[in-house]
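Read the structure below first, then the notes.
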Number of protein chains: 4
Amino acid sequence: MDWFEGSIMARRGVAAGEARARHTITEAQQGPYRYVYGPFVEPVLRIAPGDVVEVETLDAFGGAVKTEADLPSKVLKMPFVNPQNGPIAVEGAEPGDTLAVRILSIDPRGPQPAGTTALLPEFGGLVATAQTAMLNAPLPEAVKKMEVTREGGVKFSDRVTLPYEPFIGTLGVSPAMEAVSSLQPDYWGGNMDMPDVAPGAVVYFPVLHADAYLYLGDCHGTQGDGELCGVAVEMNSTTVIQVDLIKGWSIPGVRLENERFIMSIGSARPMEDAARMAYRDLIRWMVDDYGYDETEAYFLCTQAGRVRVGNMVDPKYSLGASMLKTYLA
Amino acid sequence: MDWFEGSIMARRGVAAGEARARHTITEAQQGPYRYVYGPFVEPVLRIAPGDVVEVETLDAFGGAVKTEADLPSKVLKMPFVNPQNGPIAVEGAEPGDTLAVRILSIDPRGPQPAGTTALLPEFGGLVATAQTAMLNAPLPEAVKKMEVTREGGVKFSDRVTLPYEPFIGTLGVSPAMEAVSSLQPDYWGGNMDMPDVAPGAVVYFPVLHADAYLYLGDCHGTQGDGELCGVAVEMNSTTVIQVDLIKGWSIPGVRLENERFIMSIGSARPMEDAARMAYRDLIRWMVDDYGYDETEAYFLCTQAGRVRVGNMVDPKYSLGASMLKTYLA
Amino acid sequence: MDWFEGSIMARRGVAAGEARARHTITEAQQGPYRYVYGPFVEPVLRIAPGDVVEVETLDAFGGAVKTEADLPSKVLKMPFVNPQNGPIAVEGAEPGDTLAVRILSIDPRGPQPAGTTALLPEFGGLVATAQTAMLNAPLPEAVKKMEVTREGGVKFSDRVTLPYEPFIGTLGVSPAMEAVSSLQPDYWGGNMDMPDVAPGAVVYFPVLHADAYLYLGDCHGTQGDGELCGVAVEMNSTTVIQVDLIKGWSIPGVRLENERFIMSIGSARPMEDAARMAYRDLIRWMVDDYGYDETEAYFLCTQAGRVRVGNMVDPKYSLGASMLKTYLA
Amino acid sequence: MDWFEGSIMARRGVAAGEARARHTITEAQQGPYRYVYGPFVEPVLRIAPGDVVEVETLDAFGGAVKTEADLPSKVLKMPFVNPQNGPIAVEGAEPGDTLAVRILSIDPRGPQPAGTTALLPEFGGLVATAQTAMLNAPLPEAVKKMEVTREGGVKFSDRVTLPYEPFIGTLGVSPAMEAVSSLQPDYWGGNMDMPDVAPGAVVYFPVLHADAYLYLGDCHGTQGDGELCGVAVEMNSTTVIQVDLIKGWSIPGVRLENERFIMSIGSARPMEDAARMAYRDLIRWMVDDYGYDETEAYFLCTQAGRVRVGNMVDPKYSLGASMLKTYLA
């Protein structure tokens, strides 16, 4: 039996994990890409629980950085970065429910070199920024293009080829009444840049607005922990997801499961607050659904919890705390 | 000569500091109060630079906490807190300009005791919250009502009467393309809870959206540094402001001046980032407008800068860094 | 009546606030200055409660920066900075007691210009440091010398003269079993750089080691909030203090009182933790000694507490939270 | 060829990776255990580069928590926790050199159940502490004892058995002139609680004082990322290490290598500063020793760096940033 059959999505979803109608959102179907997560635009697509959607995502630069000579400060028009597909309305989703998004596949799309990373002024984990404001001069801008293929991996340099480990950098639902930049991660998802949001995983989001309004974009060919300079292996992609709805399961933030573990994701600053959010929610999940009492869950996280640093560069930092399923059986 | 005649607003404003047409926004004229700062609603009023507006603001609880028995968790409907008046469209305001808001007066409004403070679950500077997530049990909820008058001050208790030192807790303009909760302060203003945003001050905001879309609310009868428990002396108010527009002055965040000093306000987490933002902008302002070079400004801030902690409880903390005008002459 | 007669030091001190024997610690008497706060050296002086000590302190550079050409990286030998007088053994002091230090006077000492500030590589509140580690290039080093006199103030520049507002930058007692750099502030005092540690104030420290082992140094002619570039108006000084001992008063960290207010000082990173420490201790102090219950103290701090940012540059940041004595009567 | 033959220790150590004389430090030989890392005590043992030392370490409670009824607040005498073996003087070590410590084996020692975890008042990652000071009531104290064996793993509960993955929680050298609590991690090592400090790894420390003065203790049977409640699977151990000295290699903080990766460890608060320290040092190491230029190293860390959260509970948080050796070839 595939692990997915035992997943929360398969066990509790309205569609019981079955894949139903298939849709596409091509670039043409999308029309204008979106730069905020919010409820103030019309859905680009309406789907039912169980439906599968194949999406043509743009990279975080909207494809504007075509060569290493295209400096971001020249070709980008702020704040129009990190374009998103969506919103996708999910029938029947109401506040208090949970949306389940199973990631089926992610493929690079478009001409090679498909991958882009860059140093942008006043952005990144090891430079002064608008928030960690300093008087030091910024680093010089730089762009690096990389060939990215499913088979050949990421050709980082003559010296280094990295495995192709794609994931969705920005994925989530509309806040209840806000419309927030797609650069920001928060309890509704968004720009978490968490490498575990990858094919094989199911990600859970709290529904905060009627019909959920799912957004996605910003796929990466691979990424290190923390997305250190702020720009992973950005690429246009064809991404396929399967969506389901879990009625009456109310969660306070983003959760994820895959074959091996369950994970709670916290997004906050300073970084320890993101870690606290993630671990507290993981403990509460273990208490609610896996028969632990709080002290025992706290002890087990102390001895066996794992932390993944998604990003240390976005408006909020995202960390995931996880527990192996073998310890939850 | 009144200091205001030498203010940036009076010297550089479209209306040159002159008070022109007078408007009101009563509760009835406002109709629905607003819970986000954003561009997605119609203005409640359109004004020209120089116009004066008398506004009936609601307290942060929308007036729902009428007695000490009205526990917030019972009478509030989240996330509908911190209701705002506005948006007020200002003719001619364009991104790249600066909006000037002179605060003329703030008076408590409605039946006594007009002032409310409270302990809310998982909210405040000395308790575990959704972000500084912990396993400790929350404090018991509590409400304290206080008589607040211009003449008699704030009757905190039989033992203590505090001076009436009113200010606007939440004041700012619409972000460019986002719509963000009125609980949050940011570079467009919002819920800064900075006691210097008081009668006698002029506050400057970067215009980020056509017509600026000014919002305000959340007036306080007085407040300590940091707004420690998260709830100041909240009150309904009648607040009078005079608005002007400075064309072509582009500022990166909120600035303020009064008779004695100029101040830059930073909002961020952790708190040191808010302090860094505030001080860096103050230095840049001293360089741009007061003839300092960067090193000399950095040295002078080191020896004579002052820091005010507005809030240490909101989604971002707000700190102001200020310099006496006597050192800028 | 002088307020001091009602101070905790005068009311509860072993010497009841009386000034007794007078001592000196000249440069010659000090011999080697100290670079750590700890118990592993012999006292330079033994005193009894009530005794007054006149101390010749060195500036934070040990006097090595004599002209604006003396770049710190050239003339300093790390980690030998911030030299301290002491330790001064106080007879009868035992762990669990509190040491009271009343600051009587601080005068600049030595040739003019007596004051020094500087930009040091990778040190300061608005630059990348060893901890807030970044890849940006450091700012150029710089030194500024200033004339400092009691009468004439601090001649910052032709344009600006600042008032002479001296205080002790580094003051405290030995930790119980550690010996910690005099650059660091902590619950035993040390390098707090808090401008309220000034003539007229009484500062209270928890005794952690037999005989307390008092250290002091690092006097400043004036300083802004946060000591932004990391170097205030550093000067050699003649400083006079009166020491007393409060038996059986156990405090968790540094407290202070002057004519107007009581203050608790917290030292930690991130900055909000320093603020939390300061405010929590202030509340507990109000509960223990001033008849408040915890909720009422929390509410009063929210409406009337004041926060002073001592430093935002040292290994821990120091913030003070204070309450006016008029609200404690 | 064993990877160790290509390690920095084997290639550049005075003893060239050869194991030479063997020593023991039994409990009796140790005599008084140490609670600070510093230079103010006599060495318990003098060794030469290449020597192997078998050490009887105590657990963090000094063995005082023998049963689940031994509440830490009852049986511990603060600040005497986290007892350390040492200091071990290493002949020829001088400031500017690097000490290499290869971990050969760690075995639990003493009667079963050998492992202890606990909830202590105001200590841990998900509770209010002395620094993250709050008014919430503390959690109830609790102790959990666990059988720990090399073969059988850690018997966490009837439901869960964890693999035996031992490491040294506290390991490092004396600071230059300070003596700092063994509870604190810093650039000299100390209480990093980093699970990669395990058998098979070589850990490098900057020599800050003549003869290095190596300390160790606080072995754990296993631990999750962050050591969430502050207390891992604490156990008495027999730990065997091999020490070498690398002359003229000056490093700014702790580094580590094992068969798969190199790692730099940063210890600071807030947590992002620890991450910045770790990643900046990793980049500098890649530049100095592996032929990368800074931008290329920054890019590679962005795409392939890994972050391990050692502790989020100690006076400083410890994070490690690592790079696979396959990308350094």
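Reckoned from all heavy atoms, side chains included, excluding hydrogens, waters and symmetry mates. Throughout, a chain's letter reflects where its sequence line sits, starting with A, and its residues are numbered from 1. Treat the numbers as computed from the prediction; the structure is a model and nothing was measured.
Only the side chain of D:Tyr298 comes within less than 4.5 Å of a heavy atom in chain C; its backbone stays farther off. Interface remark: D:Val36 contributes side-chain atoms only to the contact with chain C (heavy atom separation under 4.5 Å). C:Met271 does not touch chain D: none of its heavy atoms, backbone or side chain, sits under 4.5 Å away.
Among the candidates C:Ala268, C:Ala130, C:Pro175, C:Ser267, the residue making the largest number of heavy-atom pairs closer than 4.5 Å to chain D is C:Ala130. Of all the listed residues (D:Glu272, D:Arg269, D:Gln131), the one sharing the greatest number of non-hydrogen pairs under 4.5 Å with chain C is D:Gln131. With respect to chain D, the highest number of heavy-atom pairs below 4.5 Å among C:Ala176, C:Pro79, C:Ala274 belongs to C:Pro79.
Residues D:Glu122 and C:Arg280 are paired through a salt bridge, judged by an N-O separation under 4.0 Å between the basic side chain and the carboxylate.
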**Request:** Dump the intermediate steps for side-chain contact (heavy atoms from CB on, under 4.5 Å) on D:Thr132 and C:Met277, then the final yes or no.
**Result:** CA-CA 7 Å; D:Thr132 305; C:Met277 289 174 76; over 6 Å; no

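For the atom pair CE of C:Met177 and CZ of D:Phe80, the computed distance is 6.0 Å after rounding to the nearest 0.5 Å. Rounded to the nearest 0.5 Å, atoms CD1 (D:Ile283) and CG (C:Leu135) are 5.0 Å apart.
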